[in-house]
4 protein chains.
Amino acid sequence: MLNRVILIGRLTKDPELRYTPSGHATSTFTLATDRPFSSGQGEREADFIPIVTWRQTAEACANYLRKGRLCAVEGRIQTRNYENNEGRRVYITEVVADNVRFLERGQTPQSSPERGQGDPFPDDGRPIDISDDDLPF
Amino acid sequence: MLNRVILIGRLTKDPELRYTPSGHATSTFTLATDRPFSSGQGEREADFIPIVTWRQTAEACANYLRKGRLCAVEGRIQTRNYENNEGRRVYITEVVADNVRFLERGQTPQSSPERGQGDPFPDDGRPIDISDDDLPF
Amino acid sequence: MLNRVILIGRLTKDPELRYTPSGHATSTFTLATDRPFSSGQGEREADFIPIVTWRQTAEACANYLRKGRLCAVEGRIQTRNYENNEGRRVYITEVVADNVRFLERGQTPQSSPERGQGDPFPDDGRPIDISDDDLPF
Amino acid sequence: MLNRVILIGRLTKDPELRYTPSGHATSTFTLATDRPFSSGQGEREADFIPIVTWRQTAEACANYLRKGRLCAVEGRIQTRNYENNEGRRVYITEVVADNVRFLERGQTPQSSPERGQGDPFPDDGRPIDISDDDLPF
DNA sequence: TTTT
DNA sequence: TTTT
């Protein structure tokens, strides 16, 4: 069934990269997307949308994206729930990205030099456009 | 900034219609959208996405949509949070719809005869396509 | 780069199925999508959008879709051009579909009984959702 | 009915601004969007998509967008046709944009100094996000 | 008639 | 817990 999301926004933090027990990479981050007509008067100015990526996309995001960077995300909304350690059911709504496009050249920020592997733009000046199946394996 | 969602799915229940203190209509419902490739073996088969509508759209949804009905929703993802009655902050991610299209002729279900006002398809057989600004007033 | 189209509309004719010299199936049809706010007074009421599909999607569309049937199409805009038989360059803009969802149960119309293979809805009543890579091989 | 297009690409030329007899601004340009997986071997690398904008959006595009600039466009596909001066019917498929987002700071290029009014990014560094109804009046 |  |  149709379930399609397209976002442009900025990362609120560096992405977090993890591996599943079976060795699959997944990275998560939050995208801040400015609201179109916020008056600025006490109103919230942005939505903060949780993004999940898998596999090559996850690794590319972890390598190239950083806090504050602008990017476009294409994916679908996923809902899931789990029981937390207080026995309470927690409901999650998030976006599983199958395509992430970096919209800014990036110099790796000082805050995470160990992970960044430089600039996602190759010598010809064209940005990388990473894509991936979003099946959960 | 760009924040666009398009969904096709079925209502899990009848919509809930409310009015703000200032008299604006809002209706909420959950849309079940089948996942594209679920194996069916213990996997979840659908995502359950919370939808919010306002004004005319809210009233039209309350009048014409019912549990199980198929519709298309266009909107944006909104995040907000509030403190619940235990002093705990609750984070919400939902879709604010600015356009809802009914994809099935509907006979009002018996479960809510008082509110349904019949069939959203006028005499010429073309479905109604309701639209609305999604500004929070 | 981002190039995403989502449409809901009705076929203006039965799809046309063809095979490339290398044996790949492709089907084409036109989708009529009603304009949101047409006054009806001399204005055009719909856009007529040319759709191209490939492979399994092409064959499923040829088998199950018919003139007048409602469906949702997800894809990307493609432009190409060729020289016609008068030596004039013709520019084409069309939608290459990578996902087509049938939104109506369909009894095969009498006009094309040889090709239709019945109803795209299996016994459990859930519509088929066909998907395919949209790479031109 | 649902008809939604989202594109990210670069202008192939400066936009063309015109006014209708009744005084409404409209601007047109072509967006080059790179294809996701072009091998580069004789294949076309991009689609060239004709964009139409109206009113404030038209004027903002004419003022701030220039050849080569990156932007995001949200809109719908429109088809129309007319008879050309040789009595031949010409069919047009184009995107009517209702939202254009500039994705790069722009110094006005030398090629059109008279029209450019500088930088679409105000002092606070946030890009302008222009929006408009896309009704043809 | 095409952009980086 | 939030980005420019």
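All figures in this text were calculated on a predicted structure; none of them were measured in a lab. Per chain, numbering begins at 1; letters A, B, ... match sequence-line order. Hydrogens, waters and symmetry mates play no part in the numbers below; they use all other heavy atoms, side chains included.
Of the listed nucleotides (F:dT1, F:dT2, E:dT3), E:dT3 has the atom at the smallest distance from the side chain of D:Ala46. Distances from the side chain of D:Phe48 to the nucleotides E:dT3, F:dT3, E:dT1 place E:dT3 closest. Residue D:Asp34 has its side chain nearest to E:dT4 when only F:dT3, E:dT2, E:dT4 are considered. Considering only side-chain atoms of C:Tyr91, the nucleotide from E:dT3, F:dT3, E:dT2 that sits closest is E:dT2. Among the nucleotides F:dT2, F:dT4, E:dT3, the one closest to any side-chain atom of D:Thr12 is E:dT3.
Rounded to the nearest 0.5 angstrom, D:His24 NE2 and D:Tyr19 OH are separated by 11.5 Å.
A:Arg69 places its CZ atom 11 Å from the P atom of F:dT4, with the value rounded to the nearest Å. Between the P atom of E:dT1 and the CG atom of D:Asp14 lies a distance of 20 Å, rounded to the nearest Å. Atoms CD1 (C:Ile77) and P (E:dT2) sit 19 Å apart, rounded to a whole Å. Distance A:Leu31 CG to F:dT2 C1': 11 Å, rounded to the nearest Å. In this structure, A:Arg66 places its CZ atom 15 Å from C1' of F:dT3, rounding to the nearest Å. Between D:Ile51 atom CD1 and E:dT1 atom C1' the separation is 16 Å, expressed in whole Å. The separation between D:Leu70 atom CG and E:dT3 atom P is 15 Å, rounded to whole Å. Between the P atom of E:dT2 and the CG atom of D:Leu7 lies a distance of 19 Å, rounded to the nearest Å.
Listed by chain and number, the residues in a side-chain hydrogen bond (donor to acceptor under 3.5 Å, both in side chains) with A:Glu74 are A:Arg4, C:Arg4 (sequence neighbours excluded). Annotation: side-chain hydrogen bond (donor to acceptor under 3.5 Å, both in side chains) contacts of D:Arg80 (sequence neighbours excluded): D:Glu94.
Within 4.0 Å of D:Gly68, counting heavy atoms only, lie sugar-phosphate atoms of the nucleic acid but no base atom.
With A:Ile77 as the fixed residue, the side-chain contact (heavy atoms from CB on, under 4.5 Å) test singles out one of B:Ile77, B:Leu31, B:Asp47, B:Thr93: B:Ile77.
Ionic pairing of D:Glu104 and D:Arg10 is present here: one or more N-O contacts between side-chain nitrogen and carboxylate oxygen are shorter than 4.0 angstrom.
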